[in-house]
Protein chains: 4
Amino acid sequence: MSEAILAVVCYYAYAMVKLWLLQTLWALTHSQFFQKGRDVSMRASKTRVIFEAAIDIFSERGFEKATMDDIAAKANVAKGTIYYHFKSKEELFVFLVEQGTEILREHVLAKLSDQMTPTDQIRTIIHEQLTFFTDYRDFCIIILREAWGEEQRQRQFRRMLVHYVRAIEEVVLAGIQTGEFVEVDTTTTAWSIFGGLSITALHHLFADPSVDLTSLQPHFEELLLRGLIRSVPNTHSSTAEDGNAPSPLTESGEI
Amino acid sequence: MSEAILAVVCYYAYAMVKLWLLQTLWALTHSQFFQKGRDVSMRASKTRVIFEAAIDIFSERGFEKATMDDIAAKANVAKGTIYYHFKSKEELFVFLVEQGTEILREHVLAKLSDQMTPTDQIRTIIHEQLTFFTDYRDFCIIILREAWGEEQRQRQFRRMLVHYVRAIEEVVLAGIQTGEFVEVDTTTTAWSIFGGLSITALHHLFADPSVDLTSLQPHFEELLLRGLIRSVPNTHSSTAEDGNAPSPLTESGEI
Amino acid sequence: MSEAILAVVCYYAYAMVKLWLLQTLWALTHSQFFQKGRDVSMRASKTRVIFEAAIDIFSERGFEKATMDDIAAKANVAKGTIYYHFKSKEELFVFLVEQGTEILREHVLAKLSDQMTPTDQIRTIIHEQLTFFTDYRDFCIIILREAWGEEQRQRQFRRMLVHYVRAIEEVVLAGIQTGEFVEVDTTTTAWSIFGGLSITALHHLFADPSVDLTSLQPHFEELLLRGLIRSVPNTHSSTAEDGNAPSPLTESGEI
Amino acid sequence: MSEAILAVVCYYAYAMVKLWLLQTLWALTHSQFFQKGRDVSMRASKTRVIFEAAIDIFSERGFEKATMDDIAAKANVAKGTIYYHFKSKEELFVFLVEQGTEILREHVLAKLSDQMTPTDQIRTIIHEQLTFFTDYRDFCIIILREAWGEEQRQRQFRRMLVHYVRAIEEVVLAGIQTGEFVEVDTTTTAWSIFGGLSITALHHLFADPSVDLTSLQPHFEELLLRGLIRSVPNTHSSTAEDGNAPSPLTESGEI
DNA sequence: TATGAATGAGAGTTCATTCAT
DNA sequence: CATGAATGAACTCTCATTCAT
């Protein structure tokens with residue numbers, strides 16, 4: 001018997017050591033020991049606090065007019081603390097913009113699946129971008145304000161935007177290849193979708209801050225998918241099914 | 001006696017020559033003759049010169065980063081001169097923006113006539129806005145950069161934009177009333193047209209400064225007028241007439 | 001007669017015009033029209049005032065510790081005014097150092113003539129450097145404090161010093177060539193003269209600010225020209241002829 | 001029963017292994033094992049490590065420009081650690097300067113003995129100061145840079161210097177009293193020796209960092225002991241031309 | 001009309017020092 | 001003993017605006 005018990009105990013000890021070793025090593029590799037870079041998850045309170053204050057201030061005042069004093073005050077930290085976490089105003093801004101566009105991209109891409117038709121994918125893109133702009137209203141302002149110029153941060157910013165718009169472009173291209181979409185110019189189309197959504201959203205956010213952007217969804221779908229011109233054979237107005245305007249093509253059979 | 005007169009005459013001649021020389025030399029030293037090449041005819045008033053320099057600088061640097069020194073240097077006038085003509089940097093900027101949006105509006109409206117169908121009017125709007133953005137590339141940047149915010153000049157700026165977009169809106173409304181257009185949301189549609197055109201143009205201007213924006217026209221027409229989805233009865237691809245792709249509807253045949 | 005008078009008058013007019021033209025052109029070429037660079041003569045009041053305040057503050061606090069606020073306050077101008085005249089703190093300092101070492105060099109060289117024997121030239125150098133350090137006590141501090149390091153301004157500073165010490169070196173070399181001096185190492189000797197004078201002067205200025213540096217002259221002459229070791233045949237102390245200690249060698253004949 | 005004991009033993013073994021692993025890993029993550037190479041034996045206390053880093057940084061950057069971060073990084077300790085050992089930057093600097101001048105003083109005095117003639121003592125001083133400056137090049141820079149000013153640490157610094165120079169002064173005085181030296185002014189002479197040596201050494205260290213300062217020794221001896229002027233009647237060479245001393249007198253022909 | 005030297009409030013950034021762990 | 005995140009006073013430099021000429 002004692003051998004069995006011994007075996008069990010020894011195995012137990014071995015298992016404990018192994019478990020503990022694994023945990024320790026995991027902690028080690030995930031600690032700042034091997035990655036002195038920024039803590040992306042931002043569990044660190046101060047970094048997160050500064051990040052959020054920065055979005056507020058930058059979107060409210062713009063990059064140039066926003067001051068580090070403003071951000072520090074908003075984040076309730078000393079000015080020096082910001083510089084402990086970010087090398088400069090520029091770096092803080094770039095970090096913020098990278099995170100933001102990446103969130104937007106993931107926010108949208110997460111909802112796209114290969115099962116969807118390109119039409120439904122475009123619908124999803126419209127919807128998700130609108131909800132993103134609702135949730136991150138401030139970031140939406142930053143996008144349009146700060147991307148245009150020849151400074152380093154602005155070029156970097158545009159690279160992120162191009163990355164996002166390319167995702168839209170691919171959906172459009174897929175639609176063309178399946179024959180579902182007209183053979184439009186994909187780049188122009190993708191930027192028009194992004195630009196139309198953004199500027200319109202921005203206009204509404206400033207004209208009436210309480211507006212619900214997602215209520216604009218059917219209008220965008222109508223415009224982007226079906227175009228302005230009444231398809232002649234359509235005898236009955238397509239605007240009947242306004243609410244969520246699903247497949248506007250099923251009636252194509254008539255005459 | 002005549003000698004005395006002669007003396008007077010000679011002295012007078014001397015005085016005139018001196019006076020003339022004085023003036024010439026003064027003009028020489030104070031003119032910008034030796035400085036950066038300048039339109040010698042100078043019909044342009046100082047105000048005009050400052051105005052043009054301001055557009056250059058504001059679009060290149062943005063409102064906050066542009067300095068009055070930059071503008072003065074570009075305009076080849078002293079900094080004080082700007083303040084003689086404009087009360088402040090803000091006033092100069094507002095003046096510039098008002099002029100600009102007004103020029104854009106007139107530029108577009110001048111080409112619209114009641115004789116046109118709404119469809120052709122939309123085509124014209126696309127075309128004219130693209131040529132405007134080609135000619136006033138800098139102003140196009142200013143529009144998207146500086147309109148969003150709660151400062152006085154930014155509200156004022158948006159009022160000008162709304163004024164312009166309303167013109168597009170009216171064309172869309174007219175098209176709906178004549179039954180030529182689908183019953184879309186006019187505001188969303190007008191801002192989408194403006195936004196899609198603007199952002200796309202801006203993207204191209206930064207991605208490839210040498211691009212000819214008007215070459216994008218057919219793509220915009222295709223997208224905005226006909227939409228993305230292939231109208232089923234259309235048996236032949238409309239993309240055949242790619243080059244300038246005019247009226248994609250004429251083949252419908254109906255009276 | 002009238003022709004004669006006429007000729008006189010005309011000539012008079014011509015002469016006046018020519019004179020006036022010459023004056024004007026002279027003023028023109030010497031005005032800032034052709035030389036936008038710094039007004040070296042510093043007739044401009046503000047530049048001069050700032051220059052002098054800067055010497056005060058830099059010598060009192062050192063380059064790093066001196067603040068532009070200090071200098072502005074000392075000069076009784078606004079901080080911006082300094083930056084209107086000098087691009088940066090560094091530039092102000094370099095300008096000051098260039099002027100200073102140049103003044104020292106000219107101050108000394110002006111008193112050296114080819115008629116002098118090398119011995120007398122060394123005496124003159126000692127004397128003039130001591131009077132310079134008396135008059136520009138602050139600059140003397142700057143020289144020893146700020147020349148040592150690898151920053152741009154420090155390298156530049158050392159270049160100026162080398163330039164000055166080279167002048168001493170040439171005198172030593174001349175003395176060797178005429179056989180008047182022992183064949184010492186010229187570089188070591190020149191730097192020792194400069195360094196010994198400077199450090200000693202500095203010590204005295206700090207130990208007892210009211211000290212008359214020129215009273216140290218005979219001691220330096222004694223040391224540098226005759227050395228420490230008593231030349232054996234010299235039966236009478238050389239310190240007898242203290243005042244200006246002329247040729248201590250003429251008595252060489254005895255015994 | 002033995003099973004229970006076995007279990008206890010096993011658990012104990014497990015605990016020991018875990019403890020040991022914990023310690024090892026902790027040491028690993030907190031040691032500087034992976035950071036810049038470091039003396040593993042670590043006999044040197046933290047104080048010593050900081051001291052050496054401080055000399056490096058202070059001499060490289062100067063007191064004002066050196067930062068505690070620089071020093072901490074160079075010493076491979078946390079910034080707080082410096083403040084555990086030294087009350088402030090100023091205190092660290094004063095400590096460093098006191099140690100340095102004391103080392104210089106002892107370095108030189110240790111080689112002086114009462115048996116030597118004053119002449120040989122001067123020779124020794126020259127030699128030892130040159131070797132000190134060779135070994136502690138950085139400290140040599142600090143001496144000349146930071147001693148001049150009215151701040152507390154600068155007065156303190158000068159007291160240390162005066163202490164050292166006084167030792168030279170005593171040698172000179174002894175030489176005068178024995179009749180070996182001319183009756184020079186002892187203070188001026190001592191400071192000139194110190195200043196000439198220091199500035200010349202500094203010049204060479206910056207002009208050509210690879211220079212061997214001790215090779216300058218004969219030149220200093222020549223200059224300081226014998227002076228510039230050729231003593232014509234000196235029949236017997238004093239001190240039998242030492243190290244390399246090119247004996248400028250042998251051509252005198254006598255005896 | 002036009003000028004440009006002068007201004008000073010305010011910006012971004014640095015860094016010696018502290019203190020909870 | 002040792003750490004390093006946090007601090008905030010103080011620095012250099014910018015630039016819209018004014019005003020005597």
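No hydrogens, no waters, no symmetry mates; every other heavy atom, side chains included, goes into these values. Lettering follows sequence order; numbering is per chain, from 1.
- Although no hydrogens or angles enter the test, the distance criterion places a donor-acceptor pair under 3.5 Å between the side chain of B:Gln154 and the main chain of B:Glu151.
- Spacing between atom CD1 of D:Ile50 and atom P of F:dA2 amounts to 8 Å, rounded to whole angstrom units.
- The aromatic rings of C:Phe157 and C:Phe139 sit tilted, their planes meeting at an angle between 30° and 60°.
- Straight-line distance from the CD1 atom of A:Ile71 to the C1' atom of E:dT13: 14 Å, rounded to whole Å.
- Pair check for F:dT21 finds E:dA2; Watson-Crick or G-U wobble, both atom distances under 3.5 Å.
- The interatomic distance linking C:Phe93 (CZ) with F:dC13 (C1') rounds to 19 Å, in whole Å.
- The nearest whole Å value for the distance from the CZ atom in D:Phe86 to the P atom in F:dC1 is 13 Å.
- When both distances must be under 3.5 Å, the Watson-Crick or G-U wobble mate of F:dT12 is E:dA11.
- In this entry the distance linking CG of C:Asn76 with P of E:dA6 reads 14 Å, nearest Å.
- Computed from coordinates, the A:His85 NE2 to F:dG8 P distance equals 14 Å when rounded to whole Å.
- Proximity of the aromatic rings of C:Phe86 and C:Phe93 is defined here by a centroid distance below 6.0 angstrom, and this criterion is not met.
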With the sugar-phosphate defined as primed atoms, P, OP1 and OP2, and the base as all remaining atoms, what B/S/- string results for nucleotides 16-21 of chain E, 5' to 3', for protein heavy atoms under 4.0 Å?
BBB---
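- The listed nucleotides are E:dA2, E:dG8, F:dT7; the one nearest the side chain of C:Ala78 is E:dG8.
- Remark: P of F:dC1 and CD1 of D:Ile82 are 16 Å apart, rounded to the nearest angstrom.
- For the 3.5 Å distance criterion, the side chains of A:Gln152 and A:Glu90 fail to qualify, holding no donor opposite an acceptor.
- In terms of modelled atom types and a separation under 3.5 Å, the side chain of B:Thr81 and the main chain of B:Val77 share no donor-acceptor contact.
- Taking the ring centre of D:Phe63 as origin, the terminal cationic atom of D:Lys89 falls inside the region bounded by 6.0 Å and 45° from the ring axis.
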